[in-house]
Participant: 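First the structure, then my questions, so here it is.
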Amino acid sequence: MISLHPKIQRALITGGSRGIGLAIARRLMDQGVEVYYASRQPSAFEHSLLHHLAADFSNPRESMGAISESFQGMERVPDVLVCAAGTLHEALVLRQEDASMEEQLRVNMTFHMHLIRWIVAPMLLRRFGRIVGISSTAARFPAPGQAVYASAKAGLEAFLKGCAVEFARKGITCNWVTPGYVRTDFSSEFLAQKDLKKVVPVGRAGTSEEVAEAVMLFLGEYSDYLTGSQIVVDGGLSLAVK
């Protein structure tokens with residue numbers, strides 16, 4: 001088990017009600033970290049260290065107001081931010097509706113840009129913070145119908161790179177994990193149409209727990225020198241893309 005950095009006490013995860021976000025939350029709580037997760041609906045999983053913040057990421061301004069208000073008066077804003085929320089509406093570019101395009105950009109990228117800007121301020125005062133984005137192999141290898149989703153994820157990666165440069169000397173690291181095919185509620189319909197043994201060298205989809213373990217590397221005891229970095233968790237998929 002990866003030991004967490006001793007300064008980590010509290011974390012905020014977007015989209016933490018299920019799937020990858022919840023798997024990350026559970027790993028953190030295993031080591032005594034208090035976890036706040038922002039999502040539209042609360043998780044069916046309950047824990048004394050797990051707290052739900054209601055948020056609709058398609059409305060960044062309203063969600064940011066709700067989240068910041070939740071932490072008002074608290075002595076400590078989270079030391080960790082994990083940007084795990086995401087949405088995908090597959091459609092060819094010429095068939096994408098305006099509302100669908102805007103929602104994918106807001107949920108996958110714009111909202112998280114605002115959230116990172118907000119949480120960095122108290123991190124700067126403490127001269128410590130960990131920010132981890134959950135991207136996608138689609139950012140580099142988009143399938144037909146994923147152009148908007150891929151653009152948003154690539155934009156989040158670029159934003160994290162810029163933040164890594166700006167905050168490196170302030171004790172704040174910014175990294176991202178790039179999953180390939182991971183079996184979650186979010187991807188179940190898509191994966192049902194894929195013969196993974198033919199496209200993934202490992203021959204199967206990944207699990208949320210495997211992605212969570214990669215995230216833990218960026219939060220570990222010896223993570224101070226890890227910033228602007230990416231961990232790909234795709235079973236070799238990127239190597240097999242032609």
Side-chain angles (χ1 to χ4, degrees), residues 1-16 19-38 47 49-51 71 74-86 112-113 115-137 139-140 153-154 156-180 182 206-235 238:
M1 179 182 290
I2 297 170
S3 297
L4 283 177
H5 196 289
K7 290 185 179 180
I8 293 176
Q9 298 180 22
R10 181 175 288 170
L12 171 61
I13 302 174
T14 66
I20 292 172
L22 180 57
I24 297 167
R26 295 180 72 161
R27 286 289 283 109
L28 289 168
M29 290 185 294
D30 284 345
Q31 298 198 44
V33 176
E34 187 175 24
V35 176
Y36 291 79
Y37 71 98
H47 193 285
L49 292 173
L50 189 63
H51 313 284
F71 289 103
M74 286 192 185
E75 184 177 337
R76 192 180 189 92
V77 169
D79 314 287
V80 172
L81 170 62
V82 180
C83 303
H112 288 114
M113 293 169 70
L115 187 59
I116 290 168
R117 186 176 62 175
W118 168 76
I119 206 168
V120 157
M123 287 180 173
L124 286 171
L125 292 175
R126 291 197 301 269
R127 298 188 70 83
F128 178 83
R130 294 288 181 267
I131 299 172
V132 182
I134 303 299
S135 185
S136 168
T137 51
R140 186 177 178 191
K153 287 296 189 180
L156 177 62
E157 289 185 9
F159 188 74
L160 287 167
K161 290 177 185 178
C163 289
V165 172
E166 291 188 24
F167 305 127
R169 296 192 179 186
K170 307 296 184 182
I172 300 169
T173 64
C174 303
N175 300 286
W176 62 99
V177 173
T178 301
V182 176
T207 66
S208 297
E209 289 72 22
E210 288 170 321
V211 178
E213 196 65 19
V215 172
M216 296 299 287
L217 286 171
F218 289 132
L219 309 179
E221 185 177 3
Y222 300 105
S223 60
D224 290 340
Y225 206 61
L226 275 172
T227 195
S229 299
Q230 174 190 42
I231 298 177
V232 179
V233 186
D234 70 352
S238 299

Participant: Can you measure from CD1 (I24) to OH (Y37) and round to the nearest 0.5 angstrom?
Facilitator: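 Between I24 CD1 and Y37 OH, I get 14.5 Å after rounding to 0.5 Å.
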Participant: Within a strict 4.5 Å, meaning less than it, do heavy atoms of the T178 and D234 side chains meet?
Facilitator: no
Participant: Roughly how far apart are M216 CE and S3 OG, rounded to 0.5 Å?
Facilitator: 8.5 Å
Participant: Has R10 got a side-chain atom pairing as donor or acceptor with R76's backbone, closer than 3.5 angstrom?
Facilitator: yes
Participant: In the structure I gave you, are the side-chain heavy atoms of K7 and R126 within less than 4.5 Å of one another anywhere?
Facilitator: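 In short, these two side chains do not touch, never coming nearer than 4.5 Å.
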Participant: Are the side chains of V82 and I134 in touch, meaning some heavy atoms are under 4.5 Å apart?
Facilitator: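 Yes - at least one pair of side-chain heavy atoms lies under 4.5 Å apart.
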Participant: Can you tell if the side chain of L219 reaches within under 4.5 Å of the side chain of I2, non-hydrogen atoms only?
Facilitator: no
Participant: Quick one: CD1 on I131 to CD1 on I119, what's the gap to the nearest 0.5 Å?
Facilitator: 7.0 Å
Participant: Looking at CZ of F167 and CG of L160, how far apart are the two atoms once the value is rounded to the nearest 0.5 Å?
Facilitator: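 Rounded to the nearest 0.5 Å, the CZ-CG separation comes out at 10.5 Å.
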Participant: Do S238 and R140 pair up side chain to side chain, a donor and an acceptor below 3.5 Å, judged on atom types alone?
Facilitator: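 Side chains of S238 and R140: no pair found under 3.5 Å.
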Participant: Are the side chains of I8 and V33 in touch, meaning some heavy atoms are under 4.5 Å apart?
Facilitator: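 They are in side-chain contact.
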Participant: Is the closest side-chain heavy-atom distance between E209 and R27 below 4.5 Å?
Facilitator: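 They are not in contact (no side-chain heavy atoms under 4.5 Å apart), so the answer is no.
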Participant: Sequence neighbours excluded, which residues qualify as ring-ring contact (aromatic ring centres under 6.0 Å, His included) partners of Y36?
Facilitator: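 Partners of Y36 under the ring-ring contact (aromatic ring centres under 6.0 Å, His included) test: H51, F71.
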Participant: Tell me, please, which residues at least two apart from A139 pass side-chain contact (heavy atoms from CB on, under 4.5 Å).
Facilitator: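 Listed in chain order: S135, K153, A154, E157.
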Participant: Less than 4.5 Å apart, any side-chain heavy atom of E221 and any of H5?
Facilitator: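 They are not in side-chain contact.
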Participant: Would the number of heavy atoms belonging to other residues, nucleotides or ligands and lying under 6.0 Å from CZ of R117 be above 12?
Facilitator: no
Participant: Would you say the rings of F159 and H112 are close, in the sense that their centroids are separated by under 6.0 Å?
Facilitator: no
Participant: Quick one: pull up NE2 in H47 and CG in L28 and give me the separation to the nearest 0.5 Å.
Facilitator: 11.0 Å
Participant: Taking only residues two or more places apart in sequence, or in another chain, which ones meet F218 in a ring-ring contact (aromatic ring centres under 6.0 Å, His included)?
Facilitator: none
Participant: To the closest 0.5 Å, what do you measure between CG (L50) and CG (L22)?
Facilitator: 7.0 Å
Participant: Is there a side-chain contact between L115 and L12 (heavy atoms, below 4.5 Å)?
Facilitator: yes
Participant: If the test is side-chain hydrogen bond (donor to acceptor under 3.5 Å, both in side chains), which one of N175, D79, D224 qualifies with R130?
Facilitator: D224
Participant: Applying side chain to side chain contact (heavy atoms under 4.5 Å, CB included), run through C163 and I116 and close with a yes or a no.
Facilitator: CA-CA 9 Å; C163 289; I116 290 168; 4.1 Å; yes
